[in-house]
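Encoded as structure tokens, the structure appears first; notes follow it.
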Amino acid sequence: MNSSLMLRRFFCFNSTTTAVAAASSTSSKKKPLVFLGSPQVAATVLDALFKASKAPNSLFEVAAIVTQPPAKRDRGKKLMPSPVAEFALDTAFPSDLILTPERAGEDTFLSTLRALQPELCITAAYGNILPTKFLNIPPMGTVNIHPSLLPLYRGAAPVQRALQAPDLLALLFSEGSKLLIHELPSILDGSARLKAQPQDDSKATLAPKISVDESWLSFDQEASVLHNKVRAFAGWPGTRAKVAIVDDENGRRNIVELKIITTRVCDHSIVQGDEADDITYVKDSLVFPCGRSTALEVLELQLPGKKVFRAAAFWNGLRGQKLKKL
């Protein structure tokens, strides 16, 4: 059954009885693990766990999946499961064992988790705080795949804060999945504790959660800083800029919000407009003047409610009007 057909069943929060009954049907020889994750990069980790659990000598099985509740997508029109849930459903994982609590501290959810009796929990970008009463349930603890060089960049957005890039984030979770599968046997037999090393709190830096307000680009900054921000925020929340479209014939000035999709740092001399805030067009890009005499080339952009289009199409649509940064 595909994910769309199973969606209605998935939306309902699963009862303890149903979940435990489904879990008990799997092999009792393997240690049950519960996986927690939500975005697409976490699905990479889940895929690695599924494949490793099917190996003849595997010591574990995925007993349940915990993920964020369904949310509206496609401009708010459709209620859809998280990418992890969608991936699990497409691999025929039982929908009754996909748990979607609003918060990980809910009593009903914790009762379900206790009844599943997981030996170990594994979390990868779950997106919810795990309270102590959750952490006390699995006897072997909870392993977190965290794509940063801890104690550096502690927090919800380590890669984005370090780079200020989705491609790097996916790579790190892929590599983290391989490391997890390699180390799972030692975690399950307890020997991992002998080589575990405490973090040096004196070296800790923070990578706080990203807010939507941070998506705005300030062209007073250098182009390299803005380019890295576009790359880092491409998945969410994206990057935005306001520009003015000016008609010299009638003096009309229209303010437009743009979502900046693809950029590069200008590596040639800036083609100056008539004024310092003029945005020019060079070859295939809009050139935004930035701080310290640098320039950012915008290759792809998007108007609210429209599809992504190339800079050339946007420039041609101006029909001779000027474009200015704000």
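If you read the sequence from its start, that first residue is 1, and numbering goes on from there.
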Would you call [X] and [Y] a side-chain contact if the rule is heavy atoms closer than 4.5 Å?
X: Thr142; Y: Leu120; value: no
X: Pro237; Y: Glu214; value: no
X: Leu301; Y: Leu286; value: yes
X: Arg252; Y: Gln321; value: no
X: Val212; Y: Arg240; value: yes
X: Leu33; Y: Leu184; value: yes
X: Glu119; Y: Pro32; value: yes
X: Pro138; Y: Val34; value: no

Across all chains, not counting sequence neighbours, the ring pair (Phe, Tyr, Trp, His ring centres under 6.0 Å) partners of Phe219 are Phe288
Shared ILVMFWY cluster between [X] and [Y], side chains joined below 4.5 angstrom?
X: Trp216; Y: Leu296; result: no
X: Leu258; Y: Phe309; result: yes
X: Trp315; Y: Val256; result: yes
X: Leu226; Y: Leu299; result: no

Could you list the donor-acceptor pairs under 3.5 angstrom formed between side-chain atoms of residues 121-130 and any protein atom two or more places apart in sequence or on another chain?
{"residue": "Asn128", "atom": "ND2", "partner": "Glu102", "partner atom": "O", "Å": "3.0"}

Backbone of [Y] reached by a side-chain donor or acceptor of [X] within 3.5 Å:
X: Ser82; Y: Ala85; value: yes
X: Lys229; Y: Leu217; value: no
X: Lys324; Y: Val246; value: no
X: Asp47; Y: Ala43; value: no
X: Thr294; Y: Glu222; value: no

Run the numbers on Phe87 and Gln40 for side-chain contact (heavy atoms from CB on, under 4.5 Å), then give the verdict. CA-CA 9 Å; Phe87 171 77; Gln40 188 60 48; 5.7 Å; no
Which heavy atom of [X] sits nearest to which heavy atom of [Y], and what is that distance?
X: Gly37; Y: Ala42; result: CA-CB, 4.0 Å
X: Val265; Y: Glu297; result: O-OE2, 4.2 Å
X: Ser53; Y: Glu61; result: CB-CA, 4.2 Å
X: Pro101; Y: Val66; result: CD-CG1, 3.9 Å
X: Leu113; Y: Ile137; result: CD2-CD1, 3.7 Å
X: Ile210; Y: Trp236; result: O-CZ3, 3.4 Å

Rounded to the nearest 0.5 Å, what separation is found between the [atom1] atom of [X] and the [atom2] atom of [Y]?
X: Phe35; Y: Ile98; atom1: CZ; atom2: CD1; result: 12.0 Å
X: Leu303; Y: Lys259; atom1: CG; atom2: NZ; result: 12.5 Å
X: Asp247; Y: Arg253; atom1: CG; atom2: CZ; result: 12.5 Å
X: Leu99; Y: Ile65; atom1: CG; atom2: CD1; result: 9.0 Å
X: Ile145; Y: Leu36; atom1: CD1; atom2: CG; result: 11.5 Å
X: Lys242; Y: Ile255; atom1: NZ; atom2: CD1; result: 8.0 Å

Output all residues satisfying side chain to side chain contact (heavy atoms under 4.5 Å, CB included) with Pro131, sequence neighbours left out; order by chain, then residue number. Ala104, Lys133, Phe134
With sequence neighbours excluded, tell me which residues meet side chain to side chain contact (heavy atoms under 4.5 Å, CB included) with Leu179. Glu183
With Glu86 as partner, the option from Leu89, Asp90, Val84 fulfilling side chain to side chain contact (heavy atoms under 4.5 Å, CB included) is Asp90
Output every pair passing ring-ring contact (aromatic ring centres under 6.0 Å, His included) with a member in residues 38-61, not counting sequence neighbours, ordered by first then second residue. Phe50-Phe93
Under 3.5 Å, is there a donor on one side chain and an acceptor on the other for Ser191 and Asp189? yes
Check against side-chain contact (heavy atoms from CB on, under 4.5 Å), Leu49 and Leu180: CA-CA 9 Å; Leu49 288 171; Leu180 172 67; 3.9 Å; yes
From CA spacing to verdict: side-chain contact (heavy atoms from CB on, under 4.5 Å), Phe314, Leu323: CA-CA 11 Å; Phe314 180 78; Leu323 195 62; 3.6 Å; yes
Would you call Glu300-Arg310 a salt bridge at under 4.0 Å N-O? yes
Leu318 and Tyr281: CA distance, side-chain angles, deciding distance, side-chain contact (heavy atoms from CB on, under 4.5 Å) verdict: CA-CA 11 Å; Leu318 293 177; Tyr281 179 76; over 6 Å; no
With a cutoff of under 4.5 Å between side-chain heavy atoms, which Ile, Leu, Val, Met, Phe, Trp and Tyr residues group with Val308? Ile261
